[in-house]
Participant: 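After the structure tokens below, expect a handful of questions from me.
Each chain gets a letter, A, B and so on, in the order its sequence line appears, and its residues count up from 1.
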Amino acid sequence: MARYFATTPIYYVNDVPHMGHAYTTLNGDALCRWRRLHGDEVFYLTGTDEHGLKVQRAAEENGLTPQEQADRTSRRFREAWDLLDIAYDDFIRTTEARHHTAVQTLLERCYENGYVYKDTYQGVYCVSCEAYYAEADLTDGNCPIHESPVEEMAEDNYFFRLSAFRDRLLAWFEAVPDNITPERYRNEARALVRGGLEDLSITRTSLQWGIPVPWDRKHVFYVWYDALTNYATAAGYGTDDERFATWWPACRHLLGKDIIRFHCVYWPAMLMAAGVEPLPRFHVHGWLLVSGAKMAKSSVVQIAPADLAADLGVDGLRYSVLRDNPFGPDSDFSYEALVQRCNSDLANGLGNLLQRVTSIVARSAGSLGSAPVPESPLGVVTEQAYASAAEAWDRVQPSVALEATWRIVRETNEYLQAHQPWKLDPGPARDAVLGDALEALRIVAVLAHPAIPRSCAEVWRRIGLAGDPSQARLPGAAIWGQYPGGLTVTAGAPLFPRLSAD
RNA sequence: AGCGGCGUAGCUCAGUCGGUAAGAGCGCUCGACUCAUAAUCGAGAGGUCGCCAGUUCGAUUCUGGCCGCCGCUACCA
């Protein structure tokens, strides 16, 4: 039994869900659904990062405890993912007891292995912010937020001996050619390692809202070294060794390019320091750009997934986001493009195909579907489409996989046009054409399920099949000729409405 | 500045480990059809694959240079 353990970054509860978060989460969901279709045992993990100064401060402003503040925002992420039909298997929160145990265990292991030591951290500090700044972040030597003078401060911190891992990290790049994909980001990460690594301060005494350092309770772990560990926590690190041993080797992280350093350099080094093997794999994506600006909380262009789902439908949003934004490079993101994609591929393409086929069967075949013919040319089309799609999903390229899948939709429309079953008299010739179209729809319903699960279930139902395409098992389910015929086909309302770009 | 990436039809992007591959979808024009959500099908227009040079029998694909855009350069969600 193959295993597939995929993660999104855990999202910081200082923020509310926007399309940038949804992009990563949707891609992960689709990839996991694709693996489930192949019978893999899948563990899809997402969650929220809840410690740190910003949460503590937001809580104070709202008159809440930090936990209440975290609860409030964490819930919004869970609601967003539920709304988008994200089939996560676990939703981890860093404030959970299991996570405290894992962080303390992992870092203590690093400490015992000699990779954590105490030293003095020196830096410029803004009293109002209660935070250190890098010199480069200052504006005219002042705090970038308060524009007030900063002071030179020093405090005792624990440091992680990152510098000890340069060679071992490079050896990892050497040994695992696809440890990070796409290659452009792999190069970037390797350049970071080659450029030299300095030790990292990983604890704070100036902060209360965090996980205590087990051997020195005055300190809490600084957010990154808390947050990254979530992946191990959820796999059972520190609480369930057997479970951890089962899932960890199957681990792969999805992340945006802005956090490559932490994920692809610091985190592997921490794992090595703690003696955790093997290292996970990483799939890095770029940003969604709106008029050239990164979509993130600092931008005015952040868009709420719920608003788009209300306009496009959940599947309309899922499909157009996955189809139009290749996983890897930055990509343009616009409302007009989403609408366009929904109309051309969903309404005019799949939806209309389903509509014309079911309506012909309903009107002239007594609503009884017929079986496909074994030697149909569409069988060749579906076979090739599955092969292309599978290869693309394996490469973490949902946009390419969906394009390949939609070749079936286009070819089936052409096939109907060529044979014009609406003009044929009842009989084997007409039944063969309609059966072929129904069979093509069956296969599309399976292959497109990772992107548009709800709609594929409806296609399934309308062509008379029992159950749900999620229960199909690939690659067998993609083999031509399985639509049985004799089922009752339902011609209902259009599956996807045509949208106008307003 | 150093390192890295990108530059292919109007738009969004595939692709070429160098040779009958210059491609897809959308958009556009014309035509067909009317089962279907003014959907569908066919045909067509449109690109010196950023620029220059080199290697080669042959480069969009390799090498060097240049131009343009972007990212990273450290404890910053």
Side-chain angles (χ1 to χ4, degrees), chain A residues 9-15 20 49 52 54 121 123 131-134 136-137 144 157 159-160 162 182-192 194-202 204 222-225 227 256-262 265-266 286-287 289 292 294 296-298 323-326 328-334 336-337 340-341 343-364 388 392 397 399-400 402-404 406-407 409-410 412-424 433-434 437 491 493-499:
Chain A
I10 50 173
Y11 304 113
Y12 198 53
V13 293
N14 189 46
D15 199 3
D49 182 9
K54 291 189 179 180
Y121 179 82
Y132 285 93
Y133 283 95
D137 292 334
N157 277 173
F159 283 74
F160 175 62
L162 180 65
E183 195 160 4
R184 43 152 67 97
Y185 297 126
R186 181 173 195 270
N187 293 339
E188 200 164 302
R190 181 154 55 178
L192 291 175
R194 282 199 181 122
L197 303 171
E198 288 178 15
D199 294 349
L200 302 163
S201 156
I202 61 168
R204 294 290 185 274
Y222 188 59
V223 285
W224 270 108
Y225 314 99
K257 66 180 184 179
D258 48 331
I259 50 180
I260 285 178
R261 171 184 299 281
F262 305 99
V265 180
Y266 298 175
W287 292 328
L289 304 178
K294 177 193 173 190
K297 75 186 177 76
S298 56
R323 174 65 184 81
D324 262 349
N325 300 282
D330 292 353
S331 61
D332 287 311
F333 186 83
S334 76
E336 291 69 26
Q340 165 87 322
R341 183 58 75 179
N343 282 339
S344 65
D345 288 14
L346 297 181
N348 299 349
L350 177 57
N352 186 52
L353 174 62
L354 176 71
Q355 198 72 1
R356 60 198 305 209
V357 172
T358 53
S359 108
I360 297 166
V361 174
R363 183 170 344 91
S364 63
S388 301
Q397 294 291 299
S399 62
V400 179
L402 291 174
E403 191 208 4
W406 252 255
R407 273 181 233 148
V409 173
R410 285 195 297 275
T412 305
N413 269 324
E414 288 175 30
Y415 186 72
L416 289 178
Q417 186 67 28
H419 293 85
Q420 313 208 351
W422 51 91
K423 284 186 174 172
L424 298 174
V433 175
L434 292 175
L495 195 55
F496 304 100
R498 281 184 57 80
L499 307 167

Participant: Rounding to an integer number of Å, can you tell me how far Glu188(A) CD sits from rC70(B) C1'?
Facilitator: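 Computing the Glu188(A):CD to rC70(B):C1' distance gives 11 Å.
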
Participant: With a non-hydrogen cut-off below 4.0 angstrom, is Arg363(A) in contact with a base, only sugar-phosphate, or nothing?
Facilitator: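 Here Arg363(A) touches the backbone only, sparing every base.
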
Participant: Asp324(A) CG to rA24(B) P: how many Å, rounded?
Facilitator: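 Whole-Å distance recorded here is 18 Å.
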
Participant: Under a 3.5 Å limit for both distances, which nucleotide forms a Watson-Crick or G-U wobble pair with rA74(B), could you say?
Facilitator: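 rA74(B) is paired with nothing.
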
Participant: Which part of the nucleic acid, if any, lies within contact of Leu354(A), taking any heavy atom under 4.0 Å across all strands shown: a base, the sugar-phosphate backbone alone, or nothing?
Facilitator: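 Counting heavy atoms under 4.0 Å across all strands, no contact is made by Leu354(A).
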
Participant: Students often mix this up, so state it plainly: with edges at 30° and 60°, are the rings of Tyr266(A) and Phe262(A) parallel, tilted or perpendicular?
Facilitator: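 Aromatic pair Tyr266(A)/Phe262(A) classed perpendicular.
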
Participant: If we take the P atom in both rG50(B) and rU61(B), what is their distance in whole Å?
Facilitator: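 Roughly 8 Å separates the two P atoms.
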
Participant: Calculate the interatomic distance between Arg186(A) atom CZ and rG4(B) atom P; express it in whole Å.
Facilitator: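 Whole-Å distance recorded here is 14 Å.
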
Participant: Phe496(A) has a side chain; which of rU37(B), rA24(B), rC72(B) sits nearest to it?
Facilitator: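 Nearest to the side-chain atoms of Phe496(A), counting from C-beta on, is rU37(B).
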
Participant: State whether the aromatic ring of Trp406(A) stacks on the base of rG25(B), taking stacking to mean ring centres under 5.5 Å apart and ring planes under 30° to each other.
Facilitator: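 No, Trp406(A) does not stack on the base of rG25(B).
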
Participant: Can you identify which nucleotide, out of rC33(B), rG71(B), rA77(B), has its nearest atom closest to the Ala227(A) side chain?
Facilitator: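 Looking only at heavy atoms from C-beta outward on Ala227(A), the closest nucleotide is rA77(B).
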
Participant: Rounding to an integer number of angstrom, what distance separates rC17(B) and rG10(B) when you compare their P atoms?
Facilitator: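 Roughly 26 Å separates the two P atoms.
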
Participant: Send over the distance from Trp287(A) CH2 to rA77(B) C1', rounded to a whole Å.
Facilitator: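 To the nearest whole Å, that distance equals 12 Å.
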
Participant: Taking the side chain of Tyr225(A) as its heavy atoms from C-beta onward, which of rC35(B), rC72(B), rC75(B) lies nearest to it?
Facilitator: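 Closest of the options to the side chain of Tyr225(A): rC75(B).
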
Participant: Could you tell me how far rG31(B) sits from rU20(B) if I compare only their C1' atoms? Round to whole Å.
Facilitator: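 Taking atom C1' in both rU20(B) and rG31(B), they lie 31 Å apart.
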
Participant: Taking any strand in view, what nucleotide pairs with rU63(B) in a Watson-Crick or G-U wobble way, both distances under 3.5 Å?
Facilitator: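 Its partner is rA53(B).
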
Participant: Send over the distance from Leu499(A) CG to rA38(B) C1', rounded to a whole Å.
Facilitator: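 Rounded to whole Å, this separation is 15 Å.
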
Participant: Quick check for you: among rU37(B), rA36(B), rC13(B), whose closest atom lies nearest to any side-chain atom of Asn352(A)?
Facilitator: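 Nearest nucleotide to the side chain: rA36(B).
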
Participant: Under 3.5 Å, is there any donor-acceptor pair linking the side chain of Asp49(A) to the base of rA77(B)?
Facilitator: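 Donor-acceptor pair under 3.5 Å: yes.
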
Participant: Considering only side-chain heavy atoms of Ile360(A), which listed nucleotide, rC13(B), rC35(B), rC76(B), is closest?
Facilitator: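 That would be rC35(B).
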
Participant: To the nearest Å, give me how far apart CD (Glu198(A)) and P (rU73(B)) are.
Facilitator: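 Rounded to the whole Å, the gap is 13 Å.
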
Participant: Can you see if the side chain of Arg356(A) gets near the phosphate of rU40(B) - specifically, an N or O under 4.0 Å from OP1 or OP2?
Facilitator: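 False: Arg356(A) side-chain N/O out of range (4.0 Å or more) of rU40(B) OP1/OP2.
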
Participant: Can you tell me the Watson-Crick or wobble partner of rG58(B), both distances under 3.5 angstrom?
Facilitator: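 Its partner: none found.
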
Participant: Would you indicate, yes or no, if rG5(B) has its OP1 or OP2 atom less than 4.0 angstrom from a side-chain nitrogen or oxygen of Lys257(A)?
Facilitator: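 No, no such contact exists.
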
Participant: Base, sugar-phosphate, or nothing: which does Ser201(A) touch, judged by heavy atoms less than 4.0 Å apart?
Facilitator: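 Answer is base: heavy atoms of Ser201(A) come under 4.0 Å of a base.
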
Participant: Between rG27(B) and rG42(B), how many Å separate the two P atoms, rounded to a whole number?
Facilitator: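 One P to the other, the span is 14 Å.
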
Participant: Return the value, rounded to whole Å, for the distance between atom CG of Leu162(A) and atom C1' of rA74(B).
Facilitator: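 Taking atom C1' of rA74(B) as the reference, CG of Leu162(A) is at 9 Å.
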
Participant: In whole Å, measure the gap between the P atoms of rC62(B) and rU16(B) for me.
Facilitator: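 rC62(B) and rU16(B) have their P atoms separated by 11 Å.
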
Participant: Contact between Trp224(A) and Ile259(A) at the side-chain level, heavy atoms closer than 4.5 Å - yes or no?
Facilitator: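 With C-beta onward as the side chain, the pair touches.
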
Participant: Using a heavy-atom cut-off of 4.0 Å across all strands, would you classify Tyr266(A) as base, sugar-phosphate, or nothing?
Facilitator: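 Base contact - Tyr266(A) has a heavy atom under 4.0 Å of at least one base atom.
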
Participant: One pair to check against side chain to side chain contact (heavy atoms under 4.5 Å, CB included): Leu200(A) and Tyr222(A). What are the steps and the verdict?
Facilitator: CA-CA 10 Å; Leu200(A) 302 163; Tyr222(A) 188 59; over 6 Å; no

Participant: Counting side-chain heavy atoms from C-beta on, which of rA77(B), rU37(B), rG25(B) comes nearest to Ala347(A)?
Facilitator: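 Nearest to the side-chain atoms of Ala347(A), counting from C-beta on, is rU37(B).
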
Participant: Looking only at side-chain atoms of Arg341(A), point me to the closest of rG25(B), rU37(B), rG71(B).
Facilitator: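 Among rG25(B), rU37(B), rG71(B), the one nearest the side chain of Arg341(A) is rG25(B).
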
Participant: Would you please confirm or rule out a distance under 4.0 Å between OP1 or OP2 of rC76(B) and any side-chain N or O of Tyr222(A)?
Facilitator: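 So the side-chain polar atoms of Tyr222(A) do come within 4.0 Å of the phosphate oxygens OP1 or OP2 of rC76(B), strictly under.
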
Participant: Quick check for you: among rC33(B), rU40(B), rC76(B), whose closest atom lies nearest to any side-chain atom of Asn348(A)?
Facilitator: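 Comparing rC33(B), rU40(B), rC76(B) against the side chain of Asn348(A), the answer is rU40(B).
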
Participant: Within this structure, what is the CD1-to-P distance between Ile259(A) and rA77(B), rounded to whole angstrom?
Facilitator: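 One finds 12 Å between P of rA77(B) and CD1 of Ile259(A), rounded.
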
Participant: Within the structure provided, determine whether Phe496(A) and Asn352(A) are in side-chain contact (heavy-atom separation under 4.5 Å).
Facilitator: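 No, side chains not in contact.
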
Participant: What integer number of Å spans the C1' atoms of rA22(B) and rC69(B)?
Facilitator: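 Rounded to whole Å, the distance is 25 Å.
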
Participant: Go through the steps for Leu353(A) and Leu416(A) under the test side chain to side chain contact (heavy atoms under 4.5 Å, CB included), then give the verdict.
Facilitator: CA-CA 9 Å; Leu353(A) 174 62; Leu416(A) 289 178; 3.6 Å; yes

Participant: Would you indicate which nucleotide in rC76(B), rU37(B), rC33(B) comes nearest to any side-chain atom of Arg204(A)?
Facilitator: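 It is rC76(B).
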
Participant: Please determine whether a side-chain nitrogen or oxygen atom of Arg323(A) lies at a distance below 4.0 Å from atom OP1 or OP2 of rU12(B).
Facilitator: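 It does not, given that no N or O in the side chain of Arg323(A) lies less than 4.0 Å from OP1 or OP2 of rU12(B).
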
Participant: Of the nucleotides rA74(B), rC35(B), rC72(B), which has the atom closest to the Ser359(A) side chain?
Facilitator: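 The answer is rC35(B).
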
Participant: Evaluate the criterion side chain to side chain contact (heavy atoms under 4.5 Å, CB included) for residue pair Asn348(A) and Arg498(A); output intermediate values, then yes/no.
Facilitator: CA-CA 8 Å; Asn348(A) 299 349; Arg498(A) 281 184 57 80; 2.7 Å; yes

Participant: Categorize Leu416(A) for me: base, sugar-phosphate, or nothing, with a 4.0 angstrom heavy-atom threshold over every strand shown.
Facilitator: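 No contact at all - Leu416(A) keeps every heavy atom at 4.0 Å or more from the nucleic acid.
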
Participant: I'd like to check Glu403(A) versus Ser388(A) (side-chain heavy atoms, cut-off strictly below 4.5 Å). Are they in contact?
Facilitator: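 The answer is no, as the side chains (C-beta and beyond) never meet within the 4.5 Å cut-off.
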
Participant: When you compare rC3(B) with rU8(B), how far apart are their P atoms, in angstrom units rounded to a whole number?
Facilitator: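 So the two P atoms sit 25 Å from each other.
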
Participant: Step by step, work out the side chain to side chain contact (heavy atoms under 4.5 Å, CB included) result for Leu346(A) and Trp406(A).
Facilitator: CA-CA 10 Å; Leu346(A) 297 181; Trp406(A) 252 255; 3.8 Å; yes

Participant: Please state the C1' separation for the pair rC6(B) and rC13(B) - nearest whole angstrom.
Facilitator: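 13 Å, rounded to whole Å.
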
Participant: When all nucleic acid strands are considered with a 4.0 Å heavy-atom cut-off, which category describes Glu414(A): base, sugar-phosphate, or nothing?
Facilitator: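 Glu414(A): backbone/sugar contact only, no base atoms under 4.0 Å.
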
Participant: Can you tell me the pairing partner of rA14(B) across any strand shown, Watson-Crick or G-U wobble, with both distances under 3.5 angstrom?
Facilitator: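 Across any shown strand, rA14(B) pairs with none.
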
Participant: Using a 4.0 Å heavy-atom cut-off, does Gln420(A) contact any base of the nucleic acid, only the sugar-phosphate backbone, or nothing at all?
Facilitator: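 Gln420(A): no heavy atom of the nucleic acid under 4.0 Å.
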
Participant: Atom CZ in Arg204(A), atom CG in Asn157(A): separation rounded to 0.5 Å?
Facilitator: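 Going from the CZ atom of Arg204(A) to the CG atom of Asn157(A) covers 5.5 Å.
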
Participant: Strictly by Watson-Crick or wobble contacts shorter than 3.5 Å, is anything paired with rC28(B), and which nucleotide is it?
Facilitator: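 Check on rC28(B): paired to rG44(B), both distances under 3.5 Å.
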
